[in-house]
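Input: a single structure, listed below in structure tokens.
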2 protein chains.
Amino acid sequence: MEHYSSQLNGIFQALADPTRRAVLRQLGRGPASIGELAQPFEMALPSFMKHIHLLEDNGLIRTRKHGRVRTCTLEKARLAAVDDWLSEQRALWEARTDRLEQFVIADLDKDKDMDGNKETSK
Amino acid sequence: MEHYSSQLNGIFQALADPTRRAVLRQLGRGPASIGELAQPFEMALPSFMKHIHLLEDNGLIRTRKHGRVRTCTLEKARLAAVDDWLSEQRALWEARTDRLEQFVIADLDKDKDMDGNKETSK
DNA sequence: CGATTGCTTAGCCATTGCGCTAACTATTCA
DNA sequence: TGAATAGTTAGCGCAATGGCTAAGCAATCG
């Protein structure tokens, strides 16, 4: 349940960069070599490689080398961790919304009694 | 469409830290003051405040000060951006899986032509 | 009133992140 | 074999991150 926590650090970190998200997006369309992936970006290849490594280190992609060409593929399952986190988070505040509704009802009852001004905005 | 991109940088960045995720988790159970939120952590308050500011700057929480107490609340809608990104990504590789299946079928056809070492005849 | 509480500001410091160039290795091509 | 191709390694520089202490301030308490 909470074991994913440490993985989430790296996964979210990896997703926090537009270059890396673009790579994932491209790989969504199918496997590609380093050169193909790098081509749309203006940065130097070694810089780009760091992004690839980070994605691989965090399990978001897998790579394999054939001859002098390294081919990257998306590791789809990895994003499930993000999905799980989101679900868990949502479950929390949905449960809480239920409780909140109870308070709202209570507040409405109060309003009946007091009737008047509440707080001055600002 | 892609306008969310810049926001995603910050949002994913904010989520890439366990302290901040824990804060969101706690706020999922309802609003809380800075002090209440900070209590489970061993770090100094100013350090903790940086996390709060980062969460607020990226729109994941909202805060309001009453007297000397600042109360934080979850900004649930903000996580929708993450959800949207995930959906878009998934849509991409699901569409691609369809195309992949076509290739697989094509490959099976090829096998028929080339060698009969498969289950060509059941 | 003065003391305490609950942040807040201001800085310092070590580490990490993300870009670069230069030079190197390992295929593959002519 | 020699030249081009596709990555790779090494190291540099600067900005951002995430922690700290010390000191400040406004609200509340005794």
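Per chain, numbering begins at 1; letters A, B, ... match sequence-line order.
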Compute whether any side-chain donor of one residue and acceptor of the other, for A:Asn58 and A:Arg78, lie under 3.5 angstrom apart. no

Take a 6.0 Å sphere around CZ of A:Arg62 and say whether it holds more than 12 heavy atoms from other residues, nucleotides or ligands. no

Backbone of A:Asp83 reached by a side-chain donor or acceptor of A:Ser87 within 3.5 Å: yes

Quick one: are A:Leu60 and A:Leu15 in side-chain contact, heavy atoms under 4.5 Å? yes

Protein-to-nucleotide contact annotation, 5' to 3' order, nucleotides 22-30 of chain C [B base; S sugar-phosphate only; - none; under 4.0 Å, heavy atom]: B----BS--

Rounded to the nearest Å, what distance is computed from the CD atom of residue B:Gln13 to the C1' atom of nucleotide D:dT17? 8 Å

Sub-3.5 Å donor-acceptor pair from the side chain of B:Glu88 to the main-chain atoms of B:Trp85, do we have one? no

Side chains of A:Met43 and A:His51: does their closest heavy-atom pair fall under 4.5 Å? yes

Rounded to 10°, the helix from C:dC1-D:dG30 to C:dA30-D:dT1 deviates from straight, judged by its five-pair end axes, by 10°

In whole angstrom, give the distance that lies between atom CZ of A:Arg20 and atom C1' of C:dC18. 9 Å

For atom CG of A:Asn9 and atom P of C:dT16, their distance in whole Å: 13 Å

Any side-chain to backbone donor/acceptor pair from A:Gln26 onto A:Leu37? Under 3.5 Å, distance only. no

Please work out if B:Thr19 contacts a base, only the sugar-phosphate, or nothing of the nucleic acid, heavy-atom cut-off 4.0 Å. nothing

What is the separation between atom CD1 on A:Ile34 and atom P on D:dT9, rounded to the nearest whole Å? 11 Å

So CG of B:Leu86 and CG of B:Leu79: to nearest 0.5 Å the spacing works out to 11.0 Å

Which pair of non-hydrogen atoms, one from A:Arg21 and one from A:Ala16, has the smallest distance, and what is that distance? NH1-C, 3.8 Å

Donor-acceptor contact present, side-chain A:Gln89 to main-chain B:Leu24, <3.5 Å: yes

Check each residue of residues 36-45 of chain B for a non-hydrogen atom within less than 4.0 Å of any atom in DNA chain C, then write out the ones that pass by number, or none. B:Leu45

Without decimals, in angstroms, what is the distance between B:Met49 CE and D:dC20 P? 14 Å

Measure distances between side-chain N and O atoms of A:Lys50 and base N and O atoms of C:dG19, and say whether any donor-acceptor pair falls under 3.5 Å. yes

Taking atom CZ of B:Arg70 as the centre, does the number of heavy atoms from other residues, nucleotides or ligands within less than 6.0 Å exceed 12? yes

State whether B:Ser47 places a side-chain N or O below 4.0 Å from either non-bridging phosphate oxygen (OP1 or OP2) of D:dC20. yes

Round to the nearest Å and state the distance from A:Phe48 atom CZ to D:dA6 atom P. 14 Å

Please give, in whole Å, the distance from D:dT8 C1' to A:Glu56 CD? 13 Å

Taking for each residue the nucleotide of DNA chain D with the nearest heavy atom, is it B:Ala16 or A:His53 whose nucleotide lies nearer the 5' end? A:His53

